Amino acid sequence: MEKVSDRRRFLKNGAVLAGLAVGAARAAGGETLESEATEIRPKDLHAYGERSRFENSIRTGSLGTWPQLTSPPDYHKDFGFRTPLQDSIGILTPAPLHYIVSHGYEPPDIDPHEHHLLIHGMVDHPLLFTLEDLRRLPSVTRTHFVECNGNSAPTGPTGAIRRGPNANAQDTHGLTSCSVWTGIPTSLLLKQAGVQAGAKWIIAEGAEKGKHSKSIPIEKALDDMFIAYGQNGEAIRPEQGYPLRLLVPGWEGINNVKWLRRIKVVDEPVMAMRETTKYPSLRLDGKARWFQSQLGPKSVITRPSGGQKLSGPGFYEISGLAWSGGGAITKIEVSTDGGRNWKIAEVQGPTYPKAHTRFGFAWEWDGTETLLQSRATDDQGEVQPTVAEIAEFWRVKPDFFQTTDTVVGHFNAIQPWKVNRDGSIQNAMNF
Ligand SMILES: Nc1nc2c(c(=O)[nH]1)N[C@H]1C(S)=C(S)[C@@H](COP(=O)(O)O)O[C@H]1N2
Ligand SMILES: [Mo]
């Protein structure tokens, strides 16, 4: 023991000697120096894998401190860390690339053995679950997208990111991702607790410092909502809500409360800070739309897309993603000629309701300048709108979307990519 620690001290004395000293020490003593050996051994990828070092696609986003004096300590601002959709393959987002919106809070470091989920309020039997209790119950495994209602918003702080010819698919659409989630239907827990007459809403609360809270109508809680602990075959990542999060299929991302610790059954919404300030959409008459909930049909061509370059005329498969909060995607059309003609794209299954769906379209580029666009239709018959149609819905002129600071959420307009003669691709969304 003495010897080893002596040697260790010796080895740490001066980097110049290190290389020679390791060899000398081994030869001299014939003992293995456990700690030194582990330090130089490359990471063992047999135990837990990593992608190839040649793959470098990453989330983009940034943290800063709010300038306001009132901002609490440790509170940053973030406008979301976006999924690199331009590099996506198939329909699942790898967990380390799932987009993140945490309103500036770092993921709390939750020990799953200490974590509890409380169900209380207007129930006959308030219940307290450990993770172990929840794992004993019948589970569901479902593929769903999560999307921030501010994704693709042309206005507000995130609007600046998505505007301009150099915006790529990550900038324009990166606040959505898709995973296979595993968990317990909320209806099961609510039935066990016994919901009382007159209960109309639930309030879900997270465990981070800000205690994100969200009111959700009880009909949705008893429908397809579930409490997830699994994501793509392993425990949910800390950024995504470890160890428990709500999954509210097809509804605005804000409902999917991460680090879930409490569900209170109530008769009216809590009117929490997030649901009454940033997330409603302000109308021109000064009123606001609150609790907009379900997300409409949307699609984006991911390849070729903004920032990528075609290597020359010839064959390319146009590939993209389509999704809808209303249900399954039933039709995707692609136009390669500035919107004059729309042709049916191939749905490259599997297709799940309220999940990203991959489509492909065979295209022969003749080397001329053109526009690539896609349009999704869901099983409710709802069709992805144009910018003009959205402007008409809001009773504004399309240029309003460039001039206001108000976030217009639920912006699901058709995304055009411009193909230049040199093969470069640019954002061509005009508001
Ligand atoms: N506890 C907690 N849950 C939260 C949030 C949050 O800030 N805190 N952000 C919400 C918002 S606005 C979105 S869009 C989604 C994003 O989920 P993700 O970070 O897993 O992509 O989480 C929702 N759940
Ligand atoms: Mo969000």
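Whatever order the structure lists ligands and atoms in, that order sets their numbers, starting from 1. Fair warning: this is a prediction, and the values are worked out from it, not measured in the lab.
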statement: At under 4.0 Å between heavy atoms, what of W259 touches ligand 1? The answer is side chain
Protein residue, atom and distance nearest to atom 12 (S) of ligand 1, heavy-atom basis: Y279 OH, 2.9 Å
field: Atom pair CD1 (I216) and NZ (K214), whose distance is rounded to the nearest 0.5 Å
entry: 6.0 Å
Identified side-chain contact (heavy atoms from CB on, under 4.5 Å) partner of R261 from the options E208, K211, H116: K211
message: Using modelled atom types and a 3.5 Å cut-off, is there a donor and acceptor pairing between side-chain atoms of T93 and backbone atoms of S179?
response: no
query: Out of K211, H103, H212, whose heavy atom sits nearest atom 4 (C) of ligand 1?
result: H212
- request: Among all protein heavy atoms, pick out the one at the shortest distance from atom 14 (S) of ligand 1; state its residue, atom name and that distance to 0.1 Å.
  value: Y99 OH, 3.2 Å
- request: Looking only at protein heavy atoms, identify the closest one to atom 23 (C) of ligand 1 and say how far it is in Å.
  value: G253 O, 3.3 Å
Atom pairs and distances, donor-acceptor, side-chain atoms in residues 311-318, under 3.5 Å, two or more places apart:
unit_1 : atom_1 : unit_2 : atom_2 : d
Y316   : OH     : S311   : N      : 3.1
Y316   : OH     : G312   : N      : 3.2
Y316   : OH     : G312   : O      : 2.6
E317   : OE2    : Q348   : NE2    : 3.0

field: Nearest protein heavy atom with distance in Å, relative to atom 19 (O) of ligand 1
entry: K258 NZ, 2.6 Å
query: What residue pairs, at least two apart or across chains, pass side chain to side chain donor-acceptor pair (under 3.5 Å) with a residue in residues 194-203?
result: D124-Q196
query: Considering only heavy atoms, which of L175, I254, N255, V146 lies nearest to atom 11 (C) of ligand 1?
result: I254
Which of the ligand 1 atoms, numbered from 1, are nearer than 4.0 Å to a heavy atom of S102: 7 (O)
- request: Output yes when the distance from some N or O of ligand 1 to some N or O of N256 is under 3.5 Å, and no in every other case.
  value: yes
Under-4.0 Å salt bridge between K354 and D224: yes
- request: Using atom types as modelled and distance alone, determine if a side-chain donor or acceptor of R245 lies under 3.5 Å from a backbone N or O of N256.
  value: yes
- line: In this structure, atom 8 (N) of ligand 1 is nearest to the protein heavy atom E208 OE2, 2.7 Å
message: For Y99, is there any backbone N or O sitting under 3.5 Å from a side-chain donor or acceptor partner on T83?
response: yes
message: Determine whether E234 and R237 satisfy the following criterion, salt bridge (charged side-chain N to carboxylate O under 4.0 Å, His left out), listing intermediate values before the conclusion.
response: CA-CA 8 Å; E234 64 179 353; R237 293 281 167 120; 2.8 Å; yes
message: Distance alone, cut at 3.5 Å: any donor-acceptor contact between the side chains of N420 and K418?
response: yes
statement: Checking heavy atoms under 4.0 Å, the part of K214 that sits near ligand 1 is neither
query: For atom 20 (O) of ligand 1, which of R245, E239, Q231, E252 has the closest heavy atom?
result: R245
task: Examine the proximity of ligand 1 to V101 and report which part, side chain or backbone, both or neither, has a heavy atom under 4.0 Å away.
output: both
message: I need the atoms of ligand 1 closer than 4.0 Å to a non-hydrogen atom of V257, numbered in the order shown.
response: 3 (N), 24 (N)
field: Numbered atoms of ligand 1 (with element) below 4.0 Å of C148, judged on heavy atoms
entry: 14 (S)
query: Quick one: which ligand 1 atoms are inside 4.0 Å of a heavy atom on Q240?
result: 18 (P), 19 (O), 20 (O), 21 (O)
